[in-house]
Amino acid sequence: MSALEELQSGALTAEENVVRYLEAIEARDGEINAFIEVNPRAIEEARAVDEKIKQGRAGKLAGLAIAVKSNINVRGLRATCASKTLENYVAPYDATVIERIRREDGIIIGMTNMDEFACGSSGETSYFGATQNPAAKGRIPGGSSSGSAAAIAANFADLALGSDTGGSIRNPASHCGVVGIKPTYGLVPRYGLIDLAMSLDQIGPLARDVYSAALLLEVIAGYNPKEATTLRVSQQNYTSKLSADLSGYTIGFAKEFEEYAAKEIIREVKHALAKLEAQGASVVEVELPNLSKALPTYYLTVFVEFFSATRRYDGRRYGYRIEEVCGEEVLRRILLGRYISQKEYSGKYYRRALQFRSLIKKEMLEALSGVDLIAGPTTPKLPHRIGESIDPLAMYAYDLLTVPANLAGIPAGVIKAGEVGEIPVGIQFHAKPLEEQKILNAMYALEGG
Ligand code: GLN
(Lines give C-alpha, C1' and ligand atoms only; values in the text may rest on other atoms or scores of the structure.)
Protein backbone atom coordinates (compact mmCIF):
# COMPACT_ATOMS: atom_id res chain seq x y z
CA MET A 1 0.00 0.00 0.00
CA SER A 2 1.26 3.50 -0.74
CA ALA A 3 1.32 6.11 2.03
CA LEU A 4 -1.59 7.81 0.30
CA GLU A 5 -3.76 4.68 0.50
CA GLU A 6 -2.68 4.01 4.08
CA LEU A 7 -3.53 7.57 5.07
CA GLN A 8 -6.87 7.42 3.29
CA SER A 9 -7.82 4.12 4.89
CA GLY A 10 -6.83 5.34 8.35
CA ALA A 11 -4.10 2.69 8.67
CA LEU A 12 -1.54 5.47 9.06
CA THR A 13 -1.90 8.85 10.74
CA ALA A 14 -0.34 12.02 9.35
CA GLU A 15 1.86 12.17 12.45
CA GLU A 16 3.10 8.58 11.96
CA ASN A 17 3.79 9.30 8.31
CA VAL A 18 5.82 12.41 9.08
CA VAL A 19 7.67 10.79 11.97
CA ARG A 20 8.80 7.84 9.88
CA TYR A 21 10.18 10.18 7.21
CA LEU A 22 11.92 12.34 9.79
CA GLU A 23 13.51 9.20 11.22
CA ALA A 24 14.61 8.06 7.79
CA ILE A 25 16.13 11.48 7.09
CA GLU A 26 17.89 11.46 10.44
CA ALA A 27 19.28 7.99 9.84
CA ARG A 28 20.33 8.24 6.19
CA ASP A 29 20.48 11.82 4.97
CA GLY A 30 23.95 12.31 6.39
CA GLU A 31 25.06 10.20 3.47
CA ILE A 32 22.63 11.39 0.75
CA ASN A 33 22.51 15.13 1.61
CA ALA A 34 19.08 15.67 0.06
CA PHE A 35 17.94 18.20 2.67
CA ILE A 36 19.32 21.58 3.64
CA GLU A 37 16.81 21.95 6.44
CA VAL A 38 13.95 19.92 7.89
CA ASN A 39 10.79 21.62 9.07
CA PRO A 40 10.97 21.75 12.88
CA ARG A 41 7.19 22.17 13.01
CA ALA A 42 6.36 19.20 10.77
CA ILE A 43 5.08 16.97 13.59
CA GLU A 44 2.97 19.74 15.06
CA GLU A 45 1.48 20.45 11.64
CA ALA A 46 0.79 16.73 11.13
CA ARG A 47 -1.12 16.58 14.44
CA ALA A 48 -3.31 19.45 13.29
CA VAL A 49 -4.01 17.57 10.05
CA ASP A 50 -4.91 14.44 12.01
CA GLU A 51 -7.52 16.49 13.85
CA LYS A 52 -9.00 17.60 10.55
CA ILE A 53 -9.00 14.00 9.27
CA LYS A 54 -10.95 12.95 12.39
CA GLN A 55 -13.48 15.69 11.73
CA GLY A 56 -13.79 14.59 8.11
CA ARG A 57 -12.70 17.92 6.69
CA ALA A 58 -9.17 17.21 5.48
CA GLY A 59 -7.96 18.04 1.96
CA LYS A 60 -6.62 15.96 -0.92
CA LEU A 61 -3.02 15.85 0.30
CA ALA A 62 -3.93 15.17 3.93
CA GLY A 63 -0.89 13.89 5.78
CA LEU A 64 1.43 13.57 2.80
CA ALA A 65 5.00 14.73 3.42
CA ILE A 66 6.26 17.10 0.76
CA ALA A 67 9.88 18.13 0.26
CA VAL A 68 10.45 21.56 -1.29
CA LYS A 69 13.37 22.81 -3.36
CA SER A 70 15.28 25.51 -1.57
CA ASN A 71 14.42 28.17 -4.18
CA ILE A 72 10.70 28.20 -3.27
CA ASN A 73 9.53 30.38 -0.39
CA VAL A 74 8.05 28.51 2.58
CA ARG A 75 7.28 30.88 5.42
CA GLY A 76 9.60 30.40 8.39
CA LEU A 77 12.05 28.11 6.56
CA ARG A 78 15.17 29.18 4.76
CA ALA A 79 15.05 29.74 0.99
CA THR A 80 18.80 29.54 0.41
CA CYS A 81 18.97 28.58 -3.28
CA ALA A 82 21.85 26.47 -1.92
CA SER A 83 24.01 29.60 -2.02
CA LYS A 84 26.04 31.36 0.62
CA THR A 85 24.38 34.52 -0.71
CA LEU A 86 21.07 33.56 0.91
CA GLU A 87 22.49 31.23 3.53
CA ASN A 88 20.44 32.77 6.34
CA TYR A 89 17.46 34.05 4.38
CA VAL A 90 14.24 33.00 6.09
CA ALA A 91 11.25 33.19 3.77
CA PRO A 92 8.75 35.76 5.02
CA TYR A 93 5.79 34.34 3.04
CA ASP A 94 4.49 31.23 1.31
CA ALA A 95 4.80 30.85 -2.45
CA THR A 96 1.40 30.36 -4.14
CA VAL A 97 2.13 26.65 -4.66
CA ILE A 98 2.83 26.29 -0.92
CA GLU A 99 -0.43 28.06 -0.02
CA ARG A 100 -2.25 25.61 -2.27
CA ILE A 101 -0.48 22.60 -0.73
CA ARG A 102 -1.34 23.78 2.76
CA ARG A 103 -4.96 24.34 1.79
CA GLU A 104 -5.10 20.64 0.87
CA ASP A 105 -3.34 19.65 4.11
CA GLY A 106 0.00 18.55 2.70
CA ILE A 107 2.88 18.85 5.18
CA ILE A 108 6.16 20.49 4.24
CA ILE A 109 8.83 18.12 5.52
CA GLY A 110 11.82 20.27 4.65
CA MET A 111 13.85 22.25 2.13
CA THR A 112 15.96 20.32 -0.37
CA ASN A 113 19.44 20.72 -1.70
CA MET A 114 20.03 21.93 -5.28
CA ASP A 115 22.61 23.37 -7.61
CA GLU A 116 23.39 26.92 -6.53
CA PHE A 117 20.60 29.21 -7.82
CA ALA A 118 19.43 26.25 -9.95
CA CYS A 119 22.48 26.67 -12.19
CA GLY A 120 23.62 23.17 -12.98
CA SER A 121 22.72 19.67 -14.02
CA SER A 122 24.48 17.59 -11.42
CA GLY A 123 23.65 18.76 -7.89
CA GLU A 124 27.34 19.37 -7.26
CA THR A 125 27.41 23.18 -7.17
CA SER A 126 25.54 23.54 -3.87
CA TYR A 127 27.17 25.58 -1.13
CA PHE A 128 25.88 22.82 1.19
CA GLY A 129 27.76 20.08 -0.63
CA ALA A 130 26.85 17.59 -3.36
CA THR A 131 23.87 15.25 -3.16
CA GLN A 132 24.31 11.51 -3.72
CA ASN A 133 22.14 9.54 -6.11
CA PRO A 134 20.22 7.05 -3.94
CA ALA A 135 19.50 4.92 -7.00
CA ALA A 136 23.07 4.80 -8.33
CA LYS A 137 25.65 4.96 -5.60
CA GLY A 138 28.63 7.24 -6.16
CA ARG A 139 26.95 9.02 -9.07
CA ILE A 140 25.35 12.43 -9.36
CA PRO A 141 21.57 12.55 -8.87
CA GLY A 142 21.27 15.15 -11.63
CA GLY A 143 20.17 18.70 -11.14
CA SER A 144 19.36 21.24 -10.39
CA SER A 145 16.47 19.75 -8.32
CA SER A 146 18.97 17.23 -6.97
CA GLY A 147 17.71 17.06 -3.38
CA SER A 148 14.05 16.84 -4.38
CA ALA A 149 14.65 13.86 -6.70
CA ALA A 150 17.00 12.22 -4.20
CA ALA A 151 14.47 12.70 -1.37
CA ILE A 152 11.89 10.82 -3.43
CA ALA A 153 14.28 8.07 -4.51
CA ALA A 154 15.57 7.62 -0.94
CA ASN A 155 12.07 7.44 0.54
CA PHE A 156 12.43 10.60 2.60
CA ALA A 157 9.09 12.12 1.50
CA ASP A 158 5.92 11.23 -0.39
CA LEU A 159 6.26 14.02 -2.90
CA ALA A 160 8.59 16.85 -3.80
CA LEU A 161 8.54 20.15 -5.63
CA GLY A 162 11.29 21.08 -8.03
CA SER A 163 11.75 23.86 -10.54
CA ASP A 164 12.61 23.36 -14.19
CA THR A 165 14.17 26.07 -16.34
CA GLY A 166 15.97 23.80 -18.75
CA GLY A 167 15.46 20.32 -17.36
CA SER A 168 16.00 20.61 -13.63
CA ILE A 169 13.04 18.42 -12.72
CA ARG A 170 13.34 15.94 -15.59
CA ASN A 171 17.10 15.41 -15.55
CA PRO A 172 17.29 14.31 -11.88
CA ALA A 173 14.03 12.35 -12.25
CA SER A 174 15.72 10.38 -15.02
CA HIS A 175 18.97 9.78 -13.13
CA CYS A 176 17.18 8.84 -9.88
CA GLY A 177 14.46 6.70 -11.49
CA VAL A 178 11.47 8.74 -10.33
CA VAL A 179 8.56 10.59 -11.97
CA GLY A 180 9.01 14.30 -12.74
CA ILE A 181 6.84 16.80 -14.61
CA LYS A 182 7.65 20.20 -16.10
CA PRO A 183 4.23 21.79 -16.68
CA THR A 184 3.20 24.08 -19.53
CA TYR A 185 4.69 27.55 -18.97
CA GLY A 186 2.11 29.53 -17.01
CA LEU A 187 0.09 26.57 -15.73
CA VAL A 188 1.64 26.67 -12.26
CA PRO A 189 2.11 30.00 -10.46
CA ARG A 190 5.72 31.11 -10.10
CA TYR A 191 4.96 33.61 -7.34
CA GLY A 192 7.42 32.83 -4.55
CA LEU A 193 9.87 30.96 -6.78
CA ILE A 194 13.29 32.61 -6.84
CA ASP A 195 14.10 33.21 -10.52
CA LEU A 196 16.78 31.59 -12.57
CA ALA A 197 15.29 32.74 -15.88
CA MET A 198 11.77 34.04 -15.53
CA SER A 199 10.64 33.35 -19.08
CA LEU A 200 11.49 29.65 -18.71
CA ASP A 201 11.06 28.66 -15.03
CA GLN A 202 8.21 26.40 -13.95
CA ILE A 203 7.55 24.63 -10.66
CA GLY A 204 6.52 20.97 -10.92
CA PRO A 205 6.14 17.72 -8.99
CA LEU A 206 8.46 14.78 -8.38
CA ALA A 207 7.02 11.51 -7.11
CA ARG A 208 7.51 7.75 -6.93
CA ASP A 209 4.33 7.04 -8.88
CA VAL A 210 2.26 8.73 -11.57
CA TYR A 211 -0.94 8.99 -9.54
CA SER A 212 0.65 11.03 -6.77
CA ALA A 213 2.53 13.21 -9.27
CA ALA A 214 -0.84 13.93 -10.94
CA LEU A 215 -2.37 14.68 -7.56
CA LEU A 216 0.28 17.23 -6.60
CA LEU A 217 0.12 18.78 -10.06
CA GLU A 218 -3.64 19.28 -9.87
CA VAL A 219 -3.28 20.94 -6.46
CA ILE A 220 -0.66 23.46 -7.59
CA ALA A 221 -1.93 24.14 -11.14
CA GLY A 222 -4.28 26.90 -12.17
CA TYR A 223 -4.71 30.60 -12.67
CA ASN A 224 -3.46 33.03 -10.07
CA PRO A 225 -5.05 36.48 -10.41
CA LYS A 226 -1.99 38.07 -8.80
CA GLU A 227 0.32 36.82 -11.52
CA ALA A 228 0.40 38.08 -15.07
CA THR A 229 2.20 35.02 -16.43
CA THR A 230 -0.25 32.38 -15.22
CA LEU A 231 -2.67 31.08 -17.82
CA ARG A 232 -6.40 31.46 -17.36
CA VAL A 233 -7.06 27.80 -16.74
CA SER A 234 -9.24 26.61 -13.95
CA GLN A 235 -8.71 23.83 -11.44
CA GLN A 236 -7.53 20.61 -13.13
CA ASN A 237 -8.58 17.08 -12.34
CA TYR A 238 -5.80 14.87 -13.66
CA THR A 239 -6.21 12.00 -11.19
CA SER A 240 -9.83 11.27 -12.04
CA LYS A 241 -8.97 11.24 -15.75
CA LEU A 242 -5.89 9.00 -15.48
CA SER A 243 -6.15 6.15 -17.95
CA ALA A 244 -3.66 3.56 -19.14
CA ASP A 245 -5.66 2.90 -22.29
CA LEU A 246 -3.56 4.34 -25.07
CA SER A 247 -5.65 3.22 -28.02
CA GLY A 248 -5.83 6.11 -30.41
CA TYR A 249 -2.58 7.69 -29.15
CA THR A 250 0.09 8.45 -31.68
CA ILE A 251 3.58 8.90 -30.28
CA GLY A 252 6.34 10.53 -32.29
CA PHE A 253 10.01 9.64 -32.00
CA ALA A 254 12.53 11.99 -33.62
CA LYS A 255 15.38 10.31 -35.43
CA GLU A 256 17.63 13.18 -34.30
CA PHE A 257 17.44 11.76 -30.76
CA GLU A 258 19.64 8.90 -31.90
CA GLU A 259 22.38 11.33 -32.91
CA TYR A 260 22.57 12.95 -29.50
CA ALA A 261 21.87 10.26 -26.92
CA ALA A 262 24.03 7.28 -26.02
CA LYS A 263 23.06 4.00 -27.69
CA GLU A 264 22.24 2.23 -24.44
CA ILE A 265 19.86 5.06 -23.45
CA ILE A 266 18.10 4.91 -26.81
CA ARG A 267 17.75 1.16 -26.39
CA GLU A 268 15.86 1.60 -23.09
CA VAL A 269 13.65 4.32 -24.56
CA LYS A 270 12.75 2.13 -27.54
CA HIS A 271 12.01 -0.73 -25.22
CA ALA A 272 9.54 1.49 -23.34
CA LEU A 273 7.99 2.60 -26.63
CA ALA A 274 7.43 -1.03 -27.59
CA LYS A 275 5.53 -1.51 -24.32
CA LEU A 276 3.34 1.47 -25.14
CA GLU A 277 2.63 0.03 -28.58
CA ALA A 278 1.49 -3.15 -26.89
CA GLN A 279 -0.96 -0.97 -24.94
CA GLY A 280 -2.57 0.48 -28.01
CA ALA A 281 -0.36 3.42 -29.01
CA SER A 282 1.14 3.75 -32.46
CA VAL A 283 4.67 5.05 -32.84
CA VAL A 284 5.70 7.18 -35.81
CA GLU A 285 8.78 9.14 -36.80
CA VAL A 286 8.90 12.93 -36.48
CA GLU A 287 11.62 15.41 -37.41
CA LEU A 288 13.36 18.00 -35.25
CA PRO A 289 16.07 19.32 -37.57
CA ASN A 290 16.88 22.32 -35.38
CA LEU A 291 17.36 20.33 -32.17
CA SER A 292 21.05 21.25 -31.97
CA LYS A 293 20.20 24.97 -31.86
CA ALA A 294 18.20 24.65 -28.66
CA LEU A 295 21.17 24.48 -26.30
CA PRO A 296 22.98 27.71 -27.33
CA THR A 297 19.61 29.47 -27.52
CA TYR A 298 18.78 28.36 -24.02
CA TYR A 299 22.09 29.39 -22.48
CA LEU A 300 22.12 32.83 -24.07
CA THR A 301 18.65 33.43 -22.71
CA VAL A 302 19.53 32.15 -19.26
CA PHE A 303 22.74 34.19 -18.96
CA VAL A 304 20.90 37.44 -19.67
CA GLU A 305 17.82 36.75 -17.55
CA PHE A 306 19.86 35.35 -14.66
CA PHE A 307 22.20 38.34 -14.68
CA SER A 308 19.18 40.61 -14.41
CA ALA A 309 17.58 38.49 -11.65
CA THR A 310 20.75 38.58 -9.55
CA ARG A 311 20.99 42.40 -9.44
CA ARG A 312 18.85 42.37 -6.30
CA TYR A 313 21.55 40.52 -4.34
CA ASP A 314 23.62 43.59 -3.76
CA GLY A 315 24.27 42.80 -0.11
CA ARG A 316 21.92 45.49 1.16
CA ARG A 317 18.55 43.82 1.14
CA TYR A 318 19.33 40.10 1.29
CA GLY A 319 22.36 38.31 2.63
CA TYR A 320 25.64 38.91 0.88
CA ARG A 321 26.62 40.57 -2.37
CA ILE A 322 26.35 37.64 -4.75
CA GLU A 323 29.62 38.15 -6.65
CA GLU A 324 31.56 38.09 -3.42
CA VAL A 325 30.37 34.72 -2.17
CA CYS A 326 28.94 32.67 -5.04
CA GLY A 327 30.45 29.62 -6.68
CA GLU A 328 32.22 29.47 -10.00
CA GLU A 329 29.24 28.52 -12.20
CA VAL A 330 27.01 31.29 -10.84
CA LEU A 331 29.81 33.82 -11.30
CA ARG A 332 30.44 32.63 -14.85
CA ARG A 333 26.78 33.23 -15.71
CA ILE A 334 26.70 36.65 -14.09
CA LEU A 335 29.80 37.76 -16.00
CA LEU A 336 28.60 36.36 -19.32
CA GLY A 337 25.14 37.80 -18.74
CA ARG A 338 26.63 41.22 -18.01
CA TYR A 339 28.78 41.09 -21.12
CA ILE A 340 25.91 40.05 -23.37
CA SER A 341 23.60 42.68 -21.87
CA GLN A 342 26.20 45.39 -22.54
CA LYS A 343 26.56 44.28 -26.15
CA GLU A 344 22.83 44.09 -26.58
CA TYR A 345 22.48 47.51 -28.19
CA SER A 346 23.64 45.85 -31.38
CA GLY A 347 21.12 43.03 -30.93
CA LYS A 348 23.83 40.50 -31.46
CA TYR A 349 23.04 37.87 -28.86
CA TYR A 350 19.85 38.06 -26.85
CA ARG A 351 17.74 39.21 -29.76
CA ARG A 352 19.20 36.44 -31.90
CA ALA A 353 18.40 33.98 -29.13
CA LEU A 354 14.80 35.17 -29.15
CA GLN A 355 14.61 34.57 -32.90
CA PHE A 356 15.93 31.05 -32.51
CA ARG A 357 13.56 30.49 -29.64
CA SER A 358 10.61 31.23 -31.93
CA LEU A 359 12.03 28.84 -34.51
CA ILE A 360 12.39 26.04 -31.96
CA LYS A 361 8.91 26.65 -30.60
CA LYS A 362 7.46 26.51 -34.09
CA GLU A 363 9.33 23.31 -34.86
CA MET A 364 8.21 21.59 -31.65
CA LEU A 365 4.58 22.60 -32.17
CA GLU A 366 4.66 21.52 -35.81
CA ALA A 367 6.14 18.15 -34.89
CA LEU A 368 3.45 17.78 -32.21
CA SER A 369 0.64 18.78 -34.55
CA GLY A 370 0.43 15.33 -36.09
CA VAL A 371 0.90 13.31 -32.92
CA ASP A 372 -0.31 13.24 -29.32
CA LEU A 373 3.11 13.00 -27.77
CA ILE A 374 6.78 13.11 -28.69
CA ALA A 375 8.79 10.60 -26.69
CA GLY A 376 12.53 10.36 -26.42
CA PRO A 377 15.49 10.25 -24.08
CA THR A 378 15.88 12.75 -21.23
CA THR A 379 19.64 13.18 -21.07
CA PRO A 380 22.23 12.34 -23.72
CA LYS A 381 24.37 10.36 -21.29
CA LEU A 382 24.36 8.54 -17.99
CA PRO A 383 25.11 10.45 -14.77
CA HIS A 384 28.83 10.85 -14.07
CA ARG A 385 30.57 9.91 -10.85
CA ILE A 386 30.50 12.54 -8.12
CA GLY A 387 33.67 14.58 -8.16
CA GLU A 388 34.67 13.54 -11.69
CA SER A 389 35.82 16.76 -13.25
CA ILE A 390 33.78 17.78 -16.26
CA ASP A 391 34.10 21.10 -18.07
CA PRO A 392 31.23 23.61 -18.27
CA LEU A 393 30.34 22.74 -21.85
CA ALA A 394 30.10 19.05 -21.02
CA MET A 395 27.87 19.98 -18.09
CA TYR A 396 25.65 22.12 -20.34
CA ALA A 397 25.39 19.23 -22.80
CA TYR A 398 23.30 17.27 -20.30
CA ASP A 399 20.49 19.71 -21.10
CA LEU A 400 20.38 19.23 -24.85
CA LEU A 401 17.18 17.18 -24.83
CA THR A 402 15.34 18.94 -22.03
CA VAL A 403 15.67 22.62 -22.99
CA PRO A 404 13.41 22.46 -26.09
CA ALA A 405 10.32 22.03 -23.86
CA ASN A 406 11.20 25.16 -21.86
CA LEU A 407 11.97 27.20 -24.96
CA ALA A 408 8.64 26.12 -26.49
CA GLY A 409 6.69 26.51 -23.23
CA ILE A 410 5.24 23.02 -23.61
CA PRO A 411 4.78 20.36 -20.91
CA ALA A 412 7.14 17.41 -20.55
CA GLY A 413 7.32 14.51 -18.14
CA VAL A 414 9.82 11.80 -17.29
CA ILE A 415 9.41 8.30 -15.91
CA LYS A 416 11.86 5.45 -15.56
CA ALA A 417 12.18 3.45 -18.77
CA GLY A 418 14.78 0.96 -17.60
CA GLU A 419 18.33 0.69 -16.36
CA VAL A 420 21.78 0.58 -17.87
CA GLY A 421 24.14 -1.30 -15.58
CA GLU A 422 21.85 -0.56 -12.61
CA ILE A 423 21.70 3.15 -13.41
CA PRO A 424 18.11 4.39 -14.00
CA VAL A 425 17.24 5.83 -17.41
CA GLY A 426 14.10 7.91 -17.95
CA ILE A 427 11.91 8.30 -21.01
CA GLN A 428 10.70 11.84 -21.69
CA PHE A 429 7.25 12.70 -23.10
CA HIS A 430 6.38 16.08 -24.64
CA ALA A 431 2.85 17.27 -25.38
CA LYS A 432 1.07 20.32 -26.76
CA PRO A 433 0.48 23.19 -24.34
CA LEU A 434 -1.89 22.20 -21.52
CA GLU A 435 -2.00 18.55 -22.58
CA GLU A 436 -0.40 17.30 -19.36
CA GLN A 437 -3.11 14.63 -19.14
CA LYS A 438 -1.72 12.80 -22.17
CA ILE A 439 1.76 12.75 -20.66
CA LEU A 440 0.36 11.44 -17.39
CA ASN A 441 -1.65 8.75 -19.17
CA ALA A 442 1.34 7.52 -21.17
CA MET A 443 3.42 7.39 -18.01
CA TYR A 444 0.59 5.62 -16.19
CA ALA A 445 0.44 3.00 -18.93
CA LEU A 446 4.18 2.48 -18.73
CA GLU A 447 4.08 2.16 -14.96
CA GLY A 448 1.43 -0.52 -15.14
CA GLY A 449 2.83 -2.34 -18.17
N1 GLN B 1 20.96 22.63 -16.25
C2 GLN B 1 20.28 23.79 -16.73
C3 GLN B 1 21.03 25.03 -16.31
O4 GLN B 1 22.02 24.89 -15.70
C5 GLN B 1 18.88 23.79 -16.22
C6 GLN B 1 18.71 24.35 -14.88
C7 GLN B 1 17.29 24.37 -14.44
O8 GLN B 1 16.38 23.83 -15.09
N9 GLN B 1 17.06 25.05 -13.35
O10 GLN B 1 20.65 26.13 -16.59
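Indexing begins at 1, ligand by ligand and atom by atom, following the structure's order. Worth saying up front: this structure is predicted, and the values here are computed from it rather than measured.
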(message) Please classify the Y299 to ligand 1 contact at 4.0 Å (heavy-atom distances, strictly less than): side chain, backbone, both or neither.
(response)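 Side chain only; the backbone of Y299 stays clear of ligand 1.
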(request) Between L196 and ligand 1, find which residue part has any heavy-atom pair under 4.0 Å and reply side chain, backbone, both or neither. (result)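 Just the side chain.
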Looking at ligand 1, would [X] count as a contact under a 4.0 Å heavy-atom criterion?
{"X": "K69", "result": "no"}
{"X": "Y298", "result": "yes"}
{"X": "Y396", "result": "no"}

Please say whether [X] places an N or O atom under 3.5 Å from an N or O atom belonging to ligand 1.
{"X": "S121", "result": "yes"}
{"X": "V302", "result": "no"}
{"X": "S168", "result": "yes"}

Could you tell me which atoms of ligand 1, counted from 1 in the order shown, lie closer than 4.0 angstrom to a heavy atom of [X]?
{"X": "G167", "answer": "8 (O)"}
{"X": "D164", "answer": "8 (O)"}
{"X": "G166", "answer": "5 (C), 7 (C), 8 (O)"}
{"X": "A118", "answer": "6 (C), 7 (C), 9 (N)"}

(request) Could you give me the CA-CA distance, side-chain angles and deciding distance for K137 and E31, then say whether salt bridge (Lys or Arg N to Asp or Glu O under 4.0 Å) is met? (result) CA-CA 10 Å; K137 264 204 147 199; E31 195 189 324; 2.7 Å; yes
(request) Check whether any side-chain heavy atom of R139 sits under 4.5 Å from a side-chain heavy atom of H175, and report yes or no. (result)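 They are not in side-chain contact.
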(request) Could you check if a side-chain atom of I390 sits within less than 4.5 angstrom of a side-chain atom of E124, using non-hydrogen atoms only? (result)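 A side-chain contact under 4.5 Å is absent here.
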(message) For the aromatic rings, using the six-membered ring if either is Trp, is the centroid distance between Y313 and F117 under 6.0 Å?
(response)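 Yes - the distance between ring centres of Y313 and F117 falls below the 6.0 Å cut-off.
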(request) May I ask you to check whether Y191 and Y93 place their ring centres under 6.0 Å from each other? (result)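 For Y93 and Y191, the ring centres are under 6.0 Å apart.
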(message) Any donor-acceptor pair under 3.5 Å linking the side-chain atoms of R333 with those of T310?
(response)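 R333 and T310 do not have a side-chain donor-acceptor pair below 3.5 Å.
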(message) I need the nearest protein heavy-atom contact for atom 2 (C) of ligand 1: residue, atom name and distance, please.
(response)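 For atom 2 (C) of ligand 1, the nearest protein heavy atom comes out as D399 OD2, 3.1 Å.
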(request) Just need the protein heavy atom nearest to atom 4 (O) of ligand 1, so name the residue and atom and give the distance. (result)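 That would be R333 NH2, 2.7 Å.
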(request) Could you grab the distance from atom CG of N171 to atom OH of Y398, nearest 0.5 Å is fine? (result)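 It is 8.0 Å, given to the nearest 0.5 Å.
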(message) Let me confirm one number: the CG-CD distance from L291 to E259, rounded to the nearest 0.5 Å.
(response)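 Nearest 0.5 Å value for the CG-CD distance: 8.5 Å.
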(request) Please work out whether the ring planes of F257 and F253 are parallel, tilted or perpendicular, with thresholds of 30° and 60°. (result)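 Geometry flag for F253 against F257: perpendicular rings.
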